> 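After the C-alpha cells below, expect a handful of questions from me.
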Amino acid sequence: MSVPGTGDHPLKIAIVGAGPSGFYAAEALLKSGRPVRIDMIERLPAPYGLVRHGVAPDHPKLKEAIAVYDRIARSPEFRFFGNVTVGRDVSVEALRTAYHAVIFASGAESDRRLGVPGEDLAGSYTATEFVGWYNGHPDFRDRVFDLTQEVAVIVGQGNVAADVCRILAKTVDELRHTDIAEHALEALAASRVREVHVVGRRGPAQAKFTAKELRELGELEDADVVVDPADLELNPESLAEFEDRKGAAAKKNVEILREFAARPRIARRRQIVFRFLLSPVEVLGREHVEGVVFERNRLSGGPNEQSARGTGERLEMAAGLIFRSIGYKGTAIAGVPFDARQGVFPSQEGRIIEPGGPVVPGLYACGWIKRGPTGIIGTNKPCSVATVASLLADLASLDPGPKPGAEGLPALLGADGRRVVSYDDWLAIDQAEVSRGAPKGKPREKFTSVEEMLGLLGAPRR
Ligand SMILES: Cc1cc2nc3c(=O)[nH]c(=O)nc-3n(C[C@H](O)[C@H](O)[C@H](O)COP(=O)(O)OP(=O)(O)OC[C@H]3O[C@@H](n4cnc5c(N)ncnc54)[C@H](O)[C@@H]3O)c2cc1C
Ligand SMILES: NC(=O)c1ccc[n+]([C@@H]2O[C@H](COP(=O)([O-])OP(=O)(O)OC[C@H]3O[C@@H](n4cnc5c(N)ncnc54)[C@H](OP(=O)(O)O)[C@@H]3O)[C@@H](O)[C@H]2O)c1
C-alpha cells in the first residue's frame, strides 16, 4: 500500500471542530499539494466556533474571517458534518479506524473557577455563559441573568472582560443593529445595571486588555469611565517592563487609563470603574449575591514576572452581580489524553501525546485545545499550519490502509436517525438568519436552538 497523500491514494483526515483553528488546518492541508479528503465534524449545526458564538456582536469587522472559512468549505475536497458530537455520537476509536489521522480543533468550552466560597450563588455567572447567551449559543439560550441589580463586578481584566463590560454598559440603541440574540437585547433593554466594576488581581500595567478594546470602553454613548489616579502610580518593576519591546502594549494601556483618570466626571447613566490589585476571596449573600470580599494585593517579583501576593487587608464591596472572566478551559473527549489541570490535549508540535509519555499515532491538535485559551483569531493560523506540518512529516508512519472516511461511519451518514447538517444545509440556515435580521436592520437574527435550525431543513441531500 502506498503512503497516504501520494499518487492516487488520498490522505483522509477528520477535523473535529469548525472554529478558526479547524478551518486553518483544513486550509493548510488543501494547500499542501497532496491528494486529501477532509471531513470536518462539528457538534453544532452552525460552523465557525467562537467567531459566531464568542466574538462580540458589536464587533462585526472581526467576523470577516468567516469569508475565508466559507471559501475553504466550498473546496471539493472538503465536507462539513454538523450536529455530530465526537465522543458521543461517534467515538474517537471509530474515527481512528475510518481516517488516516484525526485533528482535534475543539476549542475551550468550559471555564476556570475562582475556588472561593459563594462562587455558585444566584447572581454569580461565568463570562462563558453570558457571552454564549448574548451570542445565541444553543447551550446558553435559556440562561437567565438577573439584570435587576444595580452594581456588577467583573473579575478579570482581559478582552473577554472588556466585551462583557461593554455589553452591560452600552445602551440598547448601540446594540440594536448588531447580530445580538433577540432574547438578550430584550433583557438588556430592561437592565438596571448602573455601575460595572472591572477588577484585576494585578496592577494596571499587567491588565491584559488590548489598547483598542480598552479605549473603546471610554467611548460609549451613556457610560462614564472612572479610574483612581492613585492606582496608576506604578512600582519600579512595572516601569522597567515598559522599557522592553513587549511592554509597549502595557504602556499604551496605562496611558489610556491615565487619560480616563484625568477626565472630568460627567453625569452618565452608567459608570465603568477600573479597580486593581484586588482578589476576590468570598462572594457574599444568603441566596443571591449581595457583595464581594476582596483581599488587597501587592505585586511581587521582577519585571515581566510580577505576581499578585495577598496583603491580608480585606475590602468589602456591595454588588448584586458578579461575572467571572478569568479564562476559558478545554474539556475532555473520551479516547483522547487530557491534561485536566491545563484543560488541553497534551501535545508536542501538534502531535497528541500521553501526559509525559509517547505520541499517540494519528491524533493531532490545534488551536485553543492545543495551546490553551489565549490568542486572537489570527493566532490560530500559524498554530494549525504547524500541526499540519507535523502530520505531513508523519505520513510514512501513518496506518496506510484504505480508509473509508465518513462512508464508514453510520453516525456521519445519519444512519442512527440523526439529522447531519451538510455545508449546503448550513448555507440554507445562514440565508434564513440573514432574512430574519433584515427587517430589524440586523445583519442576521440567529436561530438559537438546534431544533429550530433542523426544522428548516428537509431530508438530507449528500
Ligand atoms: C468571548 C470571546 C470573544 C473573542 N473575541 C475575539 C475577537 O473579537 N477577535 C479575535 O481575533 N479573537 C477573539 N476571540 C478569540 C478567538 O475566538 C479564538 O482565538 C478562536 O475562536 C479559537 O479557535 P478554536 O478553533 O481553537 O476554538 P473555537 O472557536 O472554540 O472552535 C471550536 C469548535 O469545536 C466544536 N466542538 C467542541 N467539542 C466538539 C466535539 N466533541 N465534537 C465536535 N465539535 C466540537 C465547538 O462547537 C466549536 O465550534 C474571542 C474569544 C472569546 C472567548
Ligand atoms: N477583541 C479581541 O480581540 C478579543 C476579544 C475577546 C477575547 N480575545 C482573546 O481571547 C483570549 C482569551 O481572553 P480572556 O479575557 O478570557 O483571557 P485573558 O486575556 O487571559 O485574561 C484573563 C484575566 O483573568 C485574570 N485571572 C485569571 N485567573 C484569575 C484568578 N484566579 N483571580 C483573579 N483574576 C484572574 C487574569 O489576570 P492575570 O493576568 O493576573 O493572570 C486576566 O486579567 C485572549 O487572548 C484575548 O485577547 C480577543
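Each residue takes its place number in the sequence, starting with 1. When a ligand or atom number is given, it counts from 1 through the structure's own listing order. Note that the structure is a prediction, hence the values are computed from the model and not measured. When reading the values below, keep in mind they use all heavy atoms of this one structure, side chains included, and skip hydrogens, waters and symmetry mates.
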> Any idea which atoms of ligand 1 are less than 4.0 Å away from a heavy-atom of V84?
43 (C)
> Can you tell which of E445, K170, K442 makes a side-chain contact (heavy atoms from CB on, under 4.5 Å) with I180?
K442
> Note the single closest protein heavy atom to atom 3 (O) of ligand 2, along with its residue, its atom name and the distance in Å.
I376 CG2, 3.8 Å
> Heavy-atom pairs closer than 4.0 Å: do any link ligand 1 to the side chain of V131, the backbone, both, or neither?
side chain
> Any idea which part of T379 is under 4.0 Å from ligand 1, heavy-atom wise: side chain, backbone, both or neither?
neither
> Would you tell me which option among G367, S21, G19 has the nearest heavy-atom contact to atom 24 (P) of ligand 1?
S21
> To check your reading of the model: name the closest protein heavy atom to atom 39 (O) of ligand 2, its residue, and the distance in Å.
R202 NH2, 2.9 Å
> Tell me which protein heavy atom sits closest to atom 29 (O) of ligand 1, plus the residue, atom name and distance to 0.1 Å.
L50 N, 2.9 Å
> N/O to N/O below 3.5 Å, does that happen between V160 and ligand 2?
yes
> Could you tell me whether Y48 and ligand 1 have an N or O pair separated by under 3.5 Å?
no
> Looking only at the aromatic ring of each residue, does the gap between the centers of Y69 and Y24 stay below 6.0 angstrom?
yes
> If you define the side chain from C-beta out and look only at heavy atoms, does anything of H197 sit under 4.5 Å from V292?
no
> For the pair T448 (side chain) and R141 (backbone), establish whether a donor and an acceptor sit closer than 3.5 Å, ignoring hydrogens and angles.
no
> Within a distance of under 4.0 Å, is there any protein heavy atom near atom 9 (N) of ligand 1?
yes
> Going by distance alone, is a donor N or O of one side chain under 3.5 Å from an acceptor N or O of the other, for Y423 and D70?
yes
> Of the choices G375, G158, G378, which has the non-hydrogen atom that lies closest to atom 44 (C) of ligand 2?
G375
> Side chains of R324 and S124 only: does a donor on one sit below 3.5 Å from an acceptor on the other?
yes
> Does V51 approach ligand 1 within less than 4.0 angstrom via side chain, backbone, both or neither, non-hydrogen atoms only?
neither
> List every atom of ligand 2 that sits less than 4.0 Å from any heavy atom of P373, numbering the atoms from 1 in the order shown and giving each element.
11 (C), 12 (C)
> Does the side chain of V198 come within less than 4.5 Å of F209's, by heavy atoms?
yes
> List every atom of ligand 1 that sits less than 4.0 Å from any heavy atom of P20, numbering the atoms from 1 in the order shown and giving each element.
20 (C), 21 (O), 23 (O), 25 (O), 29 (O)
> Assess whether a salt bridge exists between R52 and D430, defined as any Lys/Arg side-chain N lying under 4.0 Å from an Asp/Glu carboxylate O.
no
> Just going by heavy-atom distances, which of I376, T331, V160 is nearest to atom 52 (C) of ligand 1?
V160
> Could you name the option among R112, R113, E213, K208 that has the heavy atom nearest to atom 19 (O) of ligand 2?
K208
> Nearest to atom 35 (C) of ligand 2, what protein heavy atom do you find, and at what distance?
I326 CG2, 3.4 Å
> What atoms of ligand 1 come within less than 4.0 Å of a heavy atom belonging to V16?
42 (N), 43 (C)
> Does ligand 1 come near enough to G375 that some N or O of the ligand is less than 3.5 Å from an N or O of the residue?
yes
> Going by heavy atoms in the side chains, are V421 and M453 under 4.5 Å from each other?
no
> Can you find an N/O atom of W368 closer than 3.5 Å to an N/O atom of ligand 1?
yes
> Minimum heavy-atom separation for N297 to A308, with atom names?
ND2-CB, 3.6 Å
> Report the part of I369 in contact with ligand 1, treating N, CA, C, O as backbone and CB onward as side chain, heavy atoms under 4.0 Å; options are side chain, backbone, both, neither.
neither
> With heavy atoms under 4.0 Å as the rule, classify the contact between V55 and ligand 2 as side chain, backbone, both or neither.
neither
> Parallel, tilted or perpendicular: which one describes the rings of F145 and F130, with boundaries at 30° and 60°?
perpendicular
> Hey, is S325 touching ligand 2 through its side chain, its backbone, both or neither, going by heavy atoms under 4.0 Å?
backbone
> If we set the cut-off at 4.0 Å for heavy atoms, which region of I377 has an atom near ligand 1: side chain, backbone, both, or neither?
both
> Considering only the protein, which heavy-atom contact is closest to atom 43 (O) of ligand 2, and what is its distance?
Q157 N, 3.0 Å
> So do K370 and T387 actually touch side chain to side chain, heavy atoms under 4.5 Å?
yes
> Give the atom numbers and elements of ligand 1 that come within less than 4.0 Å of a heavy atom of I333.
41 (N)
> Report the part of E109 (side chain from C-beta onward, or backbone N, CA, C, O) that has a heavy atom under 4.0 Å from ligand 1; answer both or neither where that applies.
side chain
> Give the numbers and elements of all ligand 1 atoms closer than 4.0 Å to a heavy atom of D163.
3 (C)
> Is A56 touching ligand 2 with its side chain, its backbone, both, or neither, if touching means heavy atoms under 4.0 Å apart?
neither
> Would you indicate which of G49, A105, G327 comes nearest to atom 32 (C) of ligand 1 when only heavy atoms are counted?
A105
> Can you find a non-hydrogen atom of W368 under 4.0 Å from ligand 2?
yes
> What atoms of ligand 1 come closer than 4.0 angstrom to any heavy atom of I41?
43 (C), 44 (N)
> My understanding is that we take every heavy atom of each candidate and find the minimum distance to atom 6 (C) of ligand 2. Doing that for T210, N159, I154, which one comes out nearest?
N159
> Using a strict cut-off of 4.0 Å, indicate which atoms of ligand 1 neighbour a heavy atom of Y328.
1 (C), 53 (C)
> Would K31 and E27 pass as an ion pair if we require N to O under 4.0 Å?
yes
> Tell me the protein heavy atom at minimum distance from atom 41 (O) of ligand 2, and give that distance in Å.
R201 NH2, 2.8 Å
> Would you mind listing which atoms of ligand 2 come within a distance below 4.0 Å of any non-hydrogen atom of D163?
5 (C), 6 (C)
> Taking distance alone, with N or O pairs closer than 3.5 Å, would you say E42 contacts ligand 1?
yes
> Is G200 near ligand 2, meaning one of its heavy atoms is under 4.0 Å from it?
no
> Does the protein put a heavy atom less than 4.0 Å from atom 13 (O) of ligand 2?
yes
> For atom 6 (C) of ligand 1, is some protein heavy-atom partner under 4.0 Å away?
yes
> Which atoms of ligand 2 are found less than 4.0 Å from any heavy atom of L114?
32 (N)
> Hey, does T85 come in under 3.5 Å of ligand 1, counting only N/O atoms on both sides?
no
> Taking it one step at a time, do K61 and E64 satisfy salt bridge (Lys or Arg N to Asp or Glu O under 4.0 Å)?
CA-CA 6 Å; K61 262 200 94 55; E64 285 172 6; 3.4 Å; yes
> Of the protein's non-hydrogen atoms, which lies at the shortest distance from atom 17 (O) of ligand 2, and what is that distance?
G327 CA, 4.5 Å
> Please determine, by modelled atom types, if H137 and E109 share a side-chain donor-acceptor pair under 3.5 angstrom.
no
> Report the nearest protein non-hydrogen atom to atom 25 (C) of ligand 2: residue, atom name, distance rounded to 0.1 Å.
G156 CA, 4.1 Å
> Using only heavy-atom distances, determine whether the side chains of E174 and T171 contain a donor-acceptor pair under 3.5 Å.
yes
> L62 to ligand 1: N or O pair under 3.5 Å?
no
> Check K212 against ligand 2 and report side chain, backbone, both or neither, counting heavy atoms closer than 4.0 Å.
neither
